[in-house]
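Note that the numbering runs from 1 along the sequence shown for the chain.
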Amino acid sequence: MENASKVLIVGFYAWVFAMSIAVIILMYEQVNELYENVKDHVVVKNVLEEDVIER
């Protein structure tokens with residue numbers, strides 16, 4: 001019985017570790033997408049500012 005509880009505890013911690021890694025990967029993907037959107041926004045903003053300044 002003692003070994004079974006140790007196996008369950010190790011399995012639980014392994015599952016928690018795997019879920020933590022999955023959350024980190026998902027957060028990285030979301031931050032990367034946000035970075036790309038902001039980069040595109042800054043490029044468009046700069047083009048619009050240059051167009052306004054030239055007129």
Practice item. Any pair with a residue in residues 9-21 that passes salt bridge (charged side-chain N to carboxylate O under 4.0 Å, His left out), sequence neighbours left out, goes on the list, sorted by first then second residue, please. Key: none
**Study point:** With Val7 via side-chain contact (heavy atoms from CB on, under 4.5 Å) - residues at least two apart
**Key:** none
**Study point:** Contacts of type side-chain contact (heavy atoms from CB on, under 4.5 Å), residue Glu33, not counting sequence neighbours
**Key:** Gln30, Asn37
Study note, to complete from the structure: For Met27, the hydrophobic cluster (side chain heavy atoms closer than 4.5 Å, chained through members) also holds Val23
Exercise for review: Can you measure from CG (Asn3) to CG (Leu8) and round to the nearest 0.5 angstrom?
Suggested key: 11.0 Å
Review point. How does the hydrophobic cluster around Trp15 look, that is, which other residues are in it when side-chain heavy atoms under 4.5 Å mark a link?
Key: Ile9, Phe12, Tyr13, Val16, Met19
**Study point:** Val38: hydrophobic cluster co-members (side-chain, 4.5 Å)
**Key:** Leu34, Val42
**Study point:** Pairwise salt bridge (charged side-chain N to carboxylate O under 4.0 Å, His left out) hits with a residue in residues 7-19, at least two apart
**Key:** none
**Study point:** Co-members of Leu48 in a cluster of I, L, V, M, F, W and Y side chains, linked at under 4.5 Å
**Key:** Val44
Check your understanding: What residues form a side-chain contact (heavy atoms from CB on, under 4.5 Å) with Asp40, not counting sequence neighbours?
Key -> none
Exercise for review: Under the salt bridge (charged side-chain N to carboxylate O under 4.0 Å, His left out) rule, collect the residues that match up with Glu36, sequence neighbours excluded.
Suggested key: Lys39
**Study point:** salt bridge (charged side-chain N to carboxylate O under 4.0 Å, His left out) partners for Glu29, two or more places apart
**Key:** none
